Number of protein chains: 2
Amino acid sequence: MQVTICPERAIMEHVTSKWGVLVLQALFDGASWRFSDLRRELEVVSEKMLTQTLRTLERDGFVHREVHPVIPPHVEYTLTPLGKGAADHLVALFSWIAANQPEVTQAQERYDGS
Amino acid sequence: MQVTICPERAIMEHVTSKWGVLVLQALFDGASWRFSDLRRELEVVSEKMLTQTLRTLERDGFVHREVHPVIPPHVEYTLTPLGKGAADHLVALFSWIAANQPEVTQAQERYDGS
DNA sequence: CAGTATCCTTACAGATACTG
DNA sequence: CAGTATCTGTAAGGATACTG
């Protein structure tokens with residue numbers, strides 16, 4: 001995804017990307033997910049973006065993709081230990097945001113009113 | 001910035017946006033910054049994007065904008081206590097990524113090679 | 001079911017010029 | 001110095017149709 005000044009920034013962008021954040025979160029508290037379930041969970045994500053996001057996170061070693069060779073196809077996505085580490089931080093951040101959301105909303109109203 | 005399913009997601013997107021991450025980080029370990037210095041620090045950010053990012057973070061109550069009415073203009077940006085809280089998490093995440101970057105890079109090479 | 005492959009759109013981002 | 005205002009291009013993202 002776009003410019004890569006340094007490897008760290010690139011990884012940061014994968015992890016904090018719009019859908020990356022949500023995928024890691026879902027995998028964090030859901031253990032194992034199928035493609036379609038994940039899609040429903042995230043709401044309004046297109047197939048293309050979900051696939052792209054999962055591939056990027058799989059490539060980074062954050063997500064494990066388990067294919068069961070049956071018909072119809074059955075694929076399970078889980079966090080790797082590495083992905084768990086990243087997700088930990090993301091979930092902590094999101095919890096903080098949820099806890100402080102009222103304060104932020106107030107700040108916004110103050111800003112818009114002045 | 002774009003679709004807002006819920007307030008939390010919107011705030012998350014501000015904080016984890018490409019330039020939001022970098023601005024919060026810089027403010028975190030630099031105390032106070034002038035516009036131009038910040039621009040130099042982040043490298044290759046356009047004036048427009050830096051302004052836009054700072055405004056969004058200011059509106060959210062994360063960043064304080066101090067204008068000194070002199071000529072030429074002098075403006076200082078600092079983190080608010082609220083912004084400090086968000087930046088804490090971001091910095092923790094980035095440290096984790098820096099520490100685990102080698103492992104991620106290895107995973108990428110494995111993925112690309114197979 | 002779990003994806004690819006296409007096409008299409010817009011909004012994000014950058015460049016440039018100008019101003020208080 | 002610290003921005004705004006405008007213009008413009010690109011690529012991120014979405015909708016749809018199709019496939020193993």
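Here is how names work: the chains are called A, B, and so on, in the same order as the sequence lines, proteins then strands, and each is numbered from 1. Treat the numbers as computed from the prediction; the structure is a model and nothing was measured.
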| query | Which letters describe nucleotides 1-7 of chain D, given B = protein heavy atom under 4.0 Å from base, S = only from sugar-phosphate, - = neither? | reply | BSBB---
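- Of all non-hydrogen atoms in A/A26 and A/L38, the two that sit nearest each other are CB-CD1, 3.8 Å.
- Summarising the geometry, atom CG belonging to B/L24 is positioned 8.0 Å from atom OG belonging to B/S17; distances are rounded to the nearest 0.5 Å.
- Using cut-offs of 30° and 60° for the angle between ring planes, the A/Y77 and A/F35 rings count as tilted.
- Straight-line distance from the CE atom of B/M49 to the P atom of D/dG9: 19 Å, rounded to whole Å.
- A donor-acceptor pair is defined here as one N or O able to donate and one able to accept, closer than 3.5 Å; such a pair exists between the side chain of A/T80 and the backbone of A/F62.
- A salt bridge does not link B/D37 to B/R34: none of the charged side-chain nitrogens sits closer than 4.0 Å to a carboxylate oxygen.
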| request: Give the dot-bracket string for DNA chain D, reading 5' to 3', where a pair is Watson-Crick or G-U wobble with both distances under 3.5 Å, ( ) marks pairs inside the strand, [ ] marks pairs crossing earlier ones, | marks a partner on another strand, and . marks unpaired. | output: ||||||||||||||||||||
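- Distance CG (B/L50) to P (C/dC12): 17 Å, rounded to an integer number of Å.
- Distance, B/E13 CD to D/dA12 P: 16 Å, rounded to whole Å.
- Under 3.5 Å, the side chains of A/T105 and A/E109 contain no donor-acceptor pair of N or O atoms.
- At least one donor-acceptor pair closer than 3.5 Å links the side chain of B/R39 to the backbone N or O of B/V45.
- The side chain to side chain donor-acceptor pair (under 3.5 Å) analysis of residues 20-33 of chain B, with sequence neighbours excluded, yields the pairs B/S32-B/E76.
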